[in-house]
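The next block holds one structure in the form of structure tokens; read it before the comments.
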Amino acid sequence: MDTILRINNLSAGYGDESVINDISFEVEAGKRVCIVGESGSGKSTLLKAIHGFGGVTKTCGSIETPKDILLGIVPQNPGGSFNPIRTYKAQIMEALKSNNIDFKIDEVEKTLQILGLNDAKRALASRPYELSGGMNQRMAIATTMLLEPGILLCDEVTSALDVKTAGMVVEQLLEINKLKGTTILMVTHHLGIASKMADYIGIMKSGRMLEYGPAKEILENPQNEYTKNLLKAVPRLKVS
Ligand SMILES: Nc1ncnc2c1ncn2[C@@H]1O[C@H](COP(=O)(O)OP(=O)(O)OP(=O)(O)O)[C@@H](O)[C@H]1O
């Protein structure tokens with residue numbers, strides 16, 4: 001399997017100050033990776049450094065992806081990336097146009113349906129303020145997916161959702177990965193979500209990657225004390 005993302009000794013932060021330090025890991029194409037860590041551990045900063053936006057500056061190391069690959073990011077609060085009073089259809093058309101992708105209604109509706117938005121016509125005619133948090137989150141994932149990213153970067157996409165809706169969004173991300181083979185890199189503070197979704201898990205604390213490896217190994221045989229304690233706080237994990 002080809003490596004689609006290689007991070008070598010990366011340090012990055014804001015201005016001159018690094019908030020993530022000496023991070024190295026690789027992601028194979030088509031895999032699902034979850035980076036888990038408590039609030040402030042640097043997960044969003046890592047995603048922003050990979051995506052190259054959000055004012056994050058790289059102070060050391062490298063981020064390698066294949067040439068011409070598009071990195072799609074679903075931010076923590078997608079509300080901020082949409083105009084609340086314009087229809088999703090207008091905003092999706094605009095996003096596709098600026099990436100030189102044709103708006104094909106069948107393709108758009110199919111993507112919305114994979115994400116559980118079965119009444120795609122209604123969703124497209126809606127404005128963000130008219131939809132629930134869960135629906136807006138799925139519209140954000142759908143819009144990013146329509147740009148055909150090689151890697152889908154997801155920043156805490158379930159944190160604002162109730163448990164049931166969060167579970168649905170995770171199922172739908174798994175479906176996207178299965179149907180389209182999209183590599184997914186998701187950051188979350190929820191080890192339970194990582195256990196459901198990830199092929200590989202990285203554990204971050206205080207800007208460092210404490211351990212990174214196959215999900216089964218991290219969940220069943222963690223090497224780091226911090227990971228062991230995190231696992232104790234999630235008592236009934238099952239790895240399928
Ligand atoms: N725009 C910014 N300017 C300066 N410092 C920032 C900025 N954004 C984040 N930080 C700092 O970087 C550190 C890591 O924050 P980051 O948002 O990456 O953590 P996180 O693990 O994603 O947290 P959360 O789960 O709460 O989103 C924190 O100390 C935070 O205060």
Side-chain angles (χ1 to χ4, degrees), residues 5 7-25 27 32-63 65 71-82 133-134 136-138 140-141 144 149 151-163 165-167 169-170 173 183-198 200-213 215 218-219 222 224-234 237:
L5 174 67
I7 299 192
N8 293 313
N9 306 108
L10 175 71
S11 297
Y14 305 89
D16 295 336
E17 196 199 344
S18 290
V19 297
I20 55 172
N21 290 291
D22 202 20
I23 293 194
S24 299
F25 64 97
V27 179
R32 304 180 304 263
V33 174
C34 285
I35 306 295
V36 183
E38 62 196 25
S39 185
S41 56
K43 307 179 300 293
S44 298
T45 304
L46 173 63
L47 272 201
K48 288 176 192 166
I50 295 169
H51 191 251
F53 92 131
V56 172
T57 44
K58 190 161 61 92
T59 51
C60 186
S62 62
I63 300 166
T65 53
L71 302 176
I73 190 159
V74 184
Q76 197 163 2
N77 172 13
S81 29
F82 289 105
N136 276 315
Q137 192 60 278
R138 283 176 279 170
I141 297 170
T144 308
I151 307 177
L152 181 64
L153 305 167
C154 297
D155 191 354
E156 295 273 11
V157 290
T158 58
S159 63
L161 307 177
D162 63 74
V163 176
T165 314
V169 169
V170 168
L173 285 170
T183 308
I184 297 178
L185 177 60
M186 172 153 144
V187 306
T188 174
H189 59 267
H190 201 307
L191 193 51
I193 284 176
S195 75
K196 194 166 160 66
M197 132 142 221
Y200 286 79
I201 293 178
I203 306 288
M204 276 186 82
K205 185 172 190 299
S206 307
R208 297 198 174 262
M209 189 73 82
L210 298 183
E211 52 186 321
Y212 181 87
I218 301 282
L219 296 170
N224 191 285
E225 282 307 312
Y226 179 76
T227 315
K228 288 178 192 170
N229 285 329
L230 271 187
L231 280 161
K232 277 187 206 146
V234 190
L237 284 181

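Whatever order the structure lists ligands and atoms in, that order sets their numbers, starting from 1. Keep in mind it's a predicted model, so treat the numbers as computed, not measured.
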Task: contact_flag Ser41 ligand 1 heavy-atom lt 4.0 Å - done: yes
Open item on the list: I'd like to know if Gly37 contacts ligand 1, where contact means a heavy-atom distance under 4.0 Å to any ligand atom.
Closed with: no
Task: Point-to-point distance, once rounded to the nearest 0.5 Å, from OG of Ser24 to CG of Asn8 - done: 5.5 Å
Open item on the list: Could you measure the distance from the CZ atom of Arg32 to the CG atom of Leu152? Nearest 0.5 Å is fine.
Closed with: 12.5 Å
TODO: Can you see which heavy atom on Ser11 is nearest to which on Asn21, and at what distance?
DONE: OG-CA, 3.5 Å
TODO: Classify the contact between Val19 and ligand 1 as side chain, backbone, both or neither, using a heavy-atom distance cut-off of under 4.0 Å.
DONE: side chain
Task: Structural part of Lys48 in contact with ligand 1, heavy atom criterion under 4.0 angstrom - done: neither
- [ ] Could you point out which residue of Lys205, Glu211, Glu38 forms a side-chain hydrogen bond (donor to acceptor under 3.5 Å, both in side chains) with Tyr226?
- [x] Glu38
Distance to 0.1 Å, residue and atom name: give those for the protein heavy atom nearest to [atom].
{"atom": "atom 26 (O) of ligand 1", "answer": "Ser39 OG, 2.5 Å"}
{"atom": "atom 18 (O) of ligand 1", "answer": "Thr45 OG1, 2.5 Å"}
{"atom": "atom 5 (N) of ligand 1", "answer": "Tyr14 CD1, 3.4 Å"}
{"atom": "atom 23 (O) of ligand 1", "answer": "Gly40 N, 2.8 Å"}
{"atom": "atom 19 (O) of ligand 1", "answer": "Gly42 N, 3.2 Å"}
{"atom": "atom 21 (O) of ligand 1", "answer": "Lys43 NZ, 2.8 Å"}
{"atom": "atom 17 (O) of ligand 1", "answer": "Ser44 CB, 3.7 Å"}

Task: Short side-chain to backbone donor-acceptor contact, Thr57 and Gly15, under 3.5 Å - done: yes
Open item on the list: Quick one: does any side-chain atom of Gln137 pair with a main-chain N or O of Val157 as donor and acceptor, under 3.5 Å?
Closed with: yes
Open item on the list: Just so I know, are the side chains of Tyr14 and Val19 near enough to count as touching, which here means a heavy-atom distance under 4.5 Å?
Closed with: yes
Task: Name of the residue among Leu10, Ile23, Ile20 meeting side-chain contact (heavy atoms from CB on, under 4.5 Å) with Met209 - done: Ile23
Task: Option from Ile201, Val36, Asn224, Leu191 for which side-chain contact (heavy atoms from CB on, under 4.5 Å) with Ile218 holds - done: Ile201
Task: Atoms in ligand 1 flagged as close to Glu156, the criterion being non-hydrogen separation under 4.0 Å - done: 25 (O)
Open item on the list: Which of the numbered atoms in ligand 1 are under 4.0 angstrom from any heavy atom belonging to Glu38?
Closed with: 21 (O)
Open item on the list: Is it the case that atom CG in Asn229 sees more than 12 heavy atoms from other parts of the structure closer than 6.0 Å?
Closed with: yes
- [ ] For atom 27 (O) of ligand 1, state which one of Met204, His189, Gln76, Glu17 supplies the nearest heavy atom.
- [x] Gln76
Task: Nearest protein heavy atom under 4.0 Å from atom 14 (C) of ligand 1, yes or no - done: yes
